[in-house]
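Only one structure is covered here, and it is reproduced in the block below.
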Amino acid sequence: MHRSKEEPPNRSISPSASAGSSDFLQLDIGDAPAGGRSDWLARELRRAIADGRLPVGSRLPATRVLAADLRVSRGVVTEAYQRLSEDGQLAGRGRGGTVVVAAPVTTAATTTATAAKTAGPTPYARRTAAPFAAPPGPDIFDALRAAPARIDLSPGVPDLAAFPRAAWLRAERAVLADLPAADFGYGDPRGAPALRTAVADWLARNRGIRADPDEVLIVAGTAQALGLIAQVLHRDGVREIAVEDPGSLGARQHLAHGGVGTPPVEVDEEGVRVDALRASGARAVLLTPAHQFPTGVVLGGGRRRELMRWAADGGLIIEDDYDAEHRYDRAPVPALRSLLPEQVCYAGSVSKLLAPALRVGWLLAPPQYREAFVDAKRFADLGNAVLPQLVLARLMESGELERGLRLVRRRHRRRRDAMIEAIRARLPGATVQGAAAGLHLTITFGPGALDTSDTDLAAAALARGVKVHPLSWHSQRPAPPGLVLGYAARTPGEIAEGVAAVGEALTGRRGGDRGPGGDRAGIRVR
C-alpha cells in the first residue's frame with residue numbers, strides 16, 4: 001500500500017544480511033578469531049564509538065538482527081553489548097533499544113584496528129614519553145591521566161560504569177523535595193549531621209569502629225585528609241611522618257606538600273616492620289594495614305601487637321583505610337581504629353566505593369587533635385558541599401550503597417581473575433602480589449629478569465596504548481622492579497589485551513618497535 005507520509009527519522013543504523021558480513025560498520029565475522037567472537041565484536045564497537053562512526057545517541061541493531069546478519073549466536077552479540085554497557089558506553093532503553101550514551105575522552109588519540117596492527121606503538125610513542133621521562137614530580141598523575149591510551153590499567157579506580165546513577169537521582173530528588181530553604185545556606189564545616197551519622201553507622205557495620213557522629217569530620221577525600229593531617233601535626237611540632245616503603249607516591253606527595261618529611265619504613269610479608277619504625281625515630285606513621293598499598297599484604301597479628309606497644313609509648317598512627325571493603329578471599333581485618341581509638345587518626349572515603357569524582361571522605365581524629373582538625377577544615381573551604389552529602393547519606397541509610405558494593409565485588413573479582421590468568425599467559429616470569437583484596441595487583445620481576453628499569457617497561461607499554469604504574473614510583477629505597485596494575489575499571493577482554501601489550505613490551509618481540517635513536521623500545525628478558 002502506498003504511504004502518503006514519510007517514515008519518521010530514526011538514528012538507528014540497520015544492517016543488511018549477507019554471508020557472515022554486515023553493512024553495519026562493514027563487520028565481517030571472518031575477521032574474528034576462533035573462540036573470541038564476543039571480544040572481537042566488542043572491540044570493533046569500541047573503536048567505532050571512539051572514532052565517531054557510532055556517535056552518542058546512535059541506536060544499535062537489535063541483538064537478534066545483528067546476530068542473524070553475522071551468522072552467529074545471539075549470545076555473541078548480547079555479550080559484546082553487555083561489555084560496553086559495563087564500560088558505560090552503551091545503555092539499554094527498553095523499547096528504545098540499545099543506545100550509545102558515552103564516548104571515550106581520548107577519542108582523538110584512539111587508533112583504528114588497522115593502525116594498531118600495522119603501526120605498532122608509534123602513534124602513542126610520539127605523544128607519551130613525558131610521564132616516564134624524568135622522576136615523578138607533583139603533577140605526575142595529572143600527566144599520566146592526560147596521556148592518550150587505549151586501555152588504562154592505572155591502580156586506584158573502581159568500576160566507574162557501575163556508579164548507581166538511577167539510585168543517586170532518586171535520592172537526590174527525595175533530598176530536594178524535603179530540603180528546607182535554609183539548608184541551602186552555609187553548612188557545618190564538620191559536615192552535614194545526616195552524613196556524619198550515616199558514616200558512623202557505616203563504619204560500625206563494615207569496619208568494626210564505634211564512633212559518635214560528633215567525632216566524624218567530612219573532608220574532600222583522603223587527599224584533603226592527608227593535607228589537614230600534615231598541617232595540624234606540623235603545627236604540633238611533628239616534622240616527620242614515617243611511611244611504608246613501598247607505599248603510595250600520591251600520599252607521600254600530599255604529606256610533603258604539607259611540610260613534613262616522609263622517612264621510609266620497610267614493608268615485608270607481615271606488613272610494616274615496627275622495629276624499623278622505632279629506629280626511624282618518627283612520632284607518627286602513615287599505614288594501610290588492611291591491604292597495604294601497593295604490595296597488598298595484611299598487617300599480621302604479631303605486628304599489630306608490636307604497633308600497639310609503639311603507639312602506647314606516644315606514637316600516632318594514621319590509618320588510610322582506602323579499599324578495605326573490597327575483599328574477595330577472606331573477611332576484612334578489623335580497622336586499627338577499632339582497637340586504638342586514642343592513638344589512631346583514621347581516614348576513609350567513597351572514592352573506591354562509588355567514584356573519586358564525588359570528593360567525599362571522612363576523618364576520625366584522636367581527642368587531642370579533634371578541634372584542630374575542625375579549625376583546619378573550616379579555614380580550608382568552610383566545609384564540603386551539602387547537597388551531595390545529603391544524597392550520599394540517604395544512599396548509606398537505605399542500604400543502596402551496600403547493595404552496590406556486593407554487586408561490584410563480584411564484578412571486580414571476575415576482573416581480578418581475568419588479570420591473573422592474563423599474567424600467567426603473557427608474563428609467566430612475574431610474581432603476583434595482593435590478589436586477596438582491592439582494585440589492583442602488583443607484579444614483580446626477579447633479579448636479572450629485566451635489562452632496564454620498570455619505568456622503561458611502563459613507557460614501552462604506554463607506547464602500545466596501555467597505562468600502568470612502575471613500582472619504583474612508589475618506592476623510596478632500591479627495590480625489585482615491578483608494575484602496579486589496576487583491574488576494576490576494565491572489562492576482562494580489555495584486561496587481557498592490556499596485559500598482552502605489557503608482555504609484548506617486556507619481550508620486545510613486536511615489529512617496528514624502535515625509539516627515536518633506532519634502539520628497540522621493548523624490554524628484553526635475560
Ignoring hydrogens and angles, tell me if any N or O in the side chain of [X] forms a donor-acceptor pair with the backbone of [Y] under 3.5 Å.
X: Asp454; Y: Ser472; result: yes
X: His474; Y: Leu249; result: yes
X: Asp245; Y: Arg477; result: yes
X: Arg303; Y: Gly271; result: yes
X: Lys467; Y: Ala149; result: no
X: Arg150; Y: Gly465; result: no
X: Gln224; Y: Lys377; result: no
X: Glu319; Y: Leu336; result: yes
X: Arg273; Y: Val265; result: no
X: His326; Y: Lys352; result: yes

Testing the basics here: between [X] and [Y], what is the closest heavy-atom pair and its distance to 0.1 Å?
X: Leu160; Y: Pro356; value: CD2-CD, 3.8 Å
X: His440; Y: Pro155; value: CB-CB, 3.8 Å
X: Ala230; Y: Val260; value: O-CG1, 4.0 Å
X: Asp28; Y: Trp40; value: O-CZ2, 3.2 Å
X: Trp310; Y: Ala282; value: CZ2-O, 3.5 Å
X: Leu462; Y: Ala147; value: CD2-CB, 4.2 Å

Which value, rounded to the nearest 0.5 Å, describes the distance between [X] atom [atom1] and [Y] atom [atom2]?
X: Leu471; Y: Thr442; atom1: CG; atom2: OG1; result: 6.0 Å
X: Leu54; Y: Glu44; atom1: CG; atom2: CD; result: 11.0 Å
X: Ile318; Y: Leu287; atom1: CD1; atom2: CG; result: 8.5 Å
X: Ser475; Y: Arg252; atom1: OG; atom2: CZ; result: 8.0 Å
X: Ser351; Y: Leu439; atom1: OG; atom2: CG; result: 11.0 Å
X: Arg46; Y: Ile151; atom1: CZ; atom2: CD1; result: 8.0 Å

Looking at [Y] and [X], is any side-chain nitrogen of the basic one under 4.0 Å from a carboxylate oxygen of the acidic one?
X: Arg43; Y: Glu494; value: no
X: Arg47; Y: Asp51; value: no
X: Arg490; Y: Glu86; value: no

Side chain proximity check, [X] to [Y], heavy atoms < 4.5 angstrom:
X: Thr431; Y: Phe445; value: no
X: Leu353; Y: Val408; value: no
X: Val466; Y: Asp152; value: no
X: Pro289; Y: Leu307; value: no
X: Leu226; Y: Leu286; value: yes
X: Leu144; Y: Ser154; value: yes
X: Leu60; Y: Leu45; value: yes
X: Asp139; Y: Asp142; value: yes

For Ala161, side-chain contact (heavy atoms from CB on, under 4.5 Å) partners two or more places apart:
Asp159
Residues forming a side-chain contact (heavy atoms from CB on, under 4.5 Å) with Arg414, sequence neighbours excluded
Arg410, Arg411
So which pairs with a foot in residues 277-287 pass side-chain hydrogen bond (donor to acceptor under 3.5 Å, both in side chains), sequence neighbours left out?
Arg278-Asp313
Begin from the C-alpha positions of Ile49 and Leu90 and carry the test side-chain contact (heavy atoms from CB on, under 4.5 Å) through to its verdict.
CA-CA 10 Å; Ile49 294 171; Leu90 300 182; 4.1 Å; yes
Please test Arg337 against Ile317 for side-chain contact (heavy atoms from CB on, under 4.5 Å), starting from the C-alpha separation and ending with a verdict.
CA-CA 9 Å; Arg337 171 78 188 200; Ile317 300 165; over 6 Å; no
Could you list the donor-acceptor pairs under 3.5 angstrom formed by side chains in residues 290-302, with sequence neighbours left out?
{"unit_1": "His291", "atom_1": "ND1", "unit_2": "Tyr322", "atom_2": "OH", "d": "3.2"}
{"unit_1": "His291", "atom_1": "ND1", "unit_2": "Asp323", "atom_2": "OD1", "d": "3.3"}
{"unit_1": "His291", "atom_1": "ND1", "unit_2": "Asp323", "atom_2": "OD2", "d": "3.1"}
{"unit_1": "His291", "atom_1": "NE2", "unit_2": "Ala437", "atom_2": "O", "d": "3.1"}
{"unit_1": "Gln292", "atom_1": "OE1", "unit_2": "Thr295", "atom_2": "N", "d": "3.1"}
{"unit_1": "Gln292", "atom_1": "OE1", "unit_2": "Thr295", "atom_2": "OG1", "d": "2.6"}
{"unit_1": "Gln292", "atom_1": "NE2", "unit_2": "Glu244", "atom_2": "OE1", "d": "3.3"}
{"unit_1": "Gln292", "atom_1": "NE2", "unit_2": "Pro246", "atom_2": "O", "d": "2.8"}
{"unit_1": "Thr295", "atom_1": "OG1", "unit_2": "Val297", "atom_2": "N", "d": "3.4"}

Please test Leu363 against Tyr346 for side-chain contact (heavy atoms from CB on, under 4.5 Å), starting from the C-alpha separation and ending with a verdict.
CA-CA 6 Å; Leu363 181 64; Tyr346 178 91; over 6 Å; no
Hey, mind stepping through Asn384 and Arg359 against side-chain contact (heavy atoms from CB on, under 4.5 Å) and telling me if it holds?
CA-CA 9 Å; Asn384 282 33; Arg359 309 309 310 138; 5.8 Å; no
Using the ring-ring contact (aromatic ring centres under 6.0 Å, His included) criterion, which residues pair with Trp168? Sequence neighbours excluded.
Phe163
Test ring-ring contact (aromatic ring centres under 6.0 Å, His included) applied to Trp473 - qualifying residues, sequence neighbours left out:
Phe132, His469
Please check if atom CZ in Arg239 has more than 12 non-hydrogen atoms from other residues, nucleotides or ligands closer than 6.0 Å.
yes
Verdict with supporting geometry, Asp321 and Arg207, salt bridge (charged side-chain N to carboxylate O under 4.0 Å, His left out)
CA-CA 9 Å; Asp321 206 26; Arg207 302 300 295 127; 2.6 Å; yes
